[in-house]
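These numbers come from a predicted model, not from an experiment. We name chains A, B, ... by the order of the sequence lines, and we start the count at 1 in each one.
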Amino acid sequence: METVAVIDFETTGLAPEEGARATEIAVVLMREGQIVDRFQSLMNARVRIPAFIEALTGITNAMIRQAPPVAEVMRQAADFIGDTPLIAHNAAFDRKFLDTELARVDRCRSQEFACTVLLSRRLYPKAPDHKLGTLVRYNGLPVAERAHRALADAEMTAHLLARIEADLKTRYELPEVRHELLRRIQKVSLANLDGCIQSFKRRMQIG
DNA sequence: TGCCAGGCCCTCTTTAGGGCCTT
């Protein structure tokens with residue numbers, strides 16, 4: 001059975017090219033819709049966290065000063081993830097921080113990302129919006145006590161992923177939902193979703 | 001002076017613009 005890694009970063013800002021750095025990482029391994037392992041750590045990149053981000057995440061400059069060095073944490077995270085296919089909510093954001101922080105420790109990513117924002121826009125077009133918290137509540141999933149912390153957000157994303165996979169299986173009578181199919185789905189328009197999945201089923205000789 | 005992320009999606013589109021989503 002396929003294992004996927006759900007990843008979430010907390011950072012000092014929105015863009016590494018603007019000098020933003022990661023302050024916390026969490027990775028949740030999922031297999032058959034269940035969380036089977038977790039990695040989480042704060043990390044010290046020797047940068048100051050803006051006050052409004054301290055308020056948003058609850059991660060303070062005092063906490064970061066006592067955290068292990070970012071290079072040490074990223075090497076551990078890279079070893080934990082290995083070549084497991086990746087998932088994130090708004091994957092473009094986490095992908096660029098992952099790639100930037102890995103490059104700083106002379107490591108690189110080999111696997112692709114799937115994105116629960118793109119998937120949710122296709123599966124749940126009637127949701128009020130596609131923020132992580134909204135989608136979790138919209139689907140009646142467990143809401144983390146402390147959103148905007150990496151492990152809490154990664155676990156909420158993992159639960160959302162499990163719901164997406166379950167809904168795809170039910171709606172399209174699929175025996176399983178692999179990362180490759182998620183990647184295909186997120187690239188087609190909403191109008192072409194049904195056709196994309198039926199075509200995939202024919203190629204896989206399902207149904 | 002006025003803007004200041006960026007990748008992606010949607011549509012009153014594609015010779016573009018506006019909005020979403022992440023910290």
Inset, instruction - For the side chain of A:F52, starting at C-beta, report the closest nucleotide among B:dA5, B:dT23, B:dG7. - result: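 Output: B:dT23.
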Separation between the [atom1] atoms of [N] and [M], rounded to whole Å:
N	M	atom1	value
B:dC8	B:dT13	P	22 Å
B:dC10	B:dC4	P	24 Å
B:dG17	B:dC12	C1'	11 Å
B:dT14	B:dG18	C1'	15 Å
B:dT1	B:dG19	C1'	25 Å
B:dA5	B:dT23	C1'	11 Å

Could you check whether [X] gets within reach of a base, just the sugar-phosphate, or nothing at all, counting any heavy atom under 4.0 Å?
X	value
A:F97	nothing
A:R149	nothing
A:E54	nothing
A:D129	sugar-phosphate

Inset, instruction - Could you tell me whether the side chains of A:D83 and A:S110 share a donor-acceptor contact shorter than 3.5 Å? - result: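 No - no donor-acceptor pair under 3.5 Å links their side chains.
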Inset, instruction - Compute whether any side-chain donor of one residue and acceptor of the other, for A:T12 and A:R21, lie under 3.5 angstrom apart. - result: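 There is no such pair (donor and acceptor under 3.5 Å, judged by atom type) between the side chains of A:T12 and A:R21.
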Inset, instruction - Would you mind telling me which residue lines up with the more 5' stretch of DNA chain B, A:H89 or A:R122, judged by nearest nucleotide? - result: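 Result: A:R122.
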Legend entry - Residue whose nearest DNA chain B nucleotide is more 5′ - A:R95 or A:T12: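 Counting from the 5' end, the first nearest nucleotide belongs to A:R95.
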Legend entry - salt_bridge(A:E165, A:K169) N-O dist < 4.0 Å: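 Judged by the 4.0 Å cut-off on N to carboxylate O distance, A:E165 and A:K169 do not form a salt bridge.
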Interatomic distance, [X] [atom1] vs [N] [atom2] [rounded to whole Å]:
X	N	atom1	atom2	result
A:Q186	B:dG7	CD	P	15 Å
A:L14	B:dG6	CG	P	11 Å
A:I25	B:dT23	CD1	P	14 Å
A:I87	B:dT22	CD1	P	16 Å
A:F9	B:dG6	CZ	P	18 Å
A:N90	B:dC20	CG	P	13 Å
A:K96	B:dT22	NZ	P	13 Å
A:L160	B:dT22	CG	P	11 Å

Legend entry - A:E10 backbone acceptor or donor facing A:T23 side chain under 3.5 Å: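 Such a contact is found between A:T23 side chain and A:E10 backbone.
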Inset, instruction - Say whether, by atom type as modelled, one donor and one acceptor occur between the side chain of A:Q111 and the main chain of A:G82 under 3.5 angstrom. - result: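 Checked: pair present.
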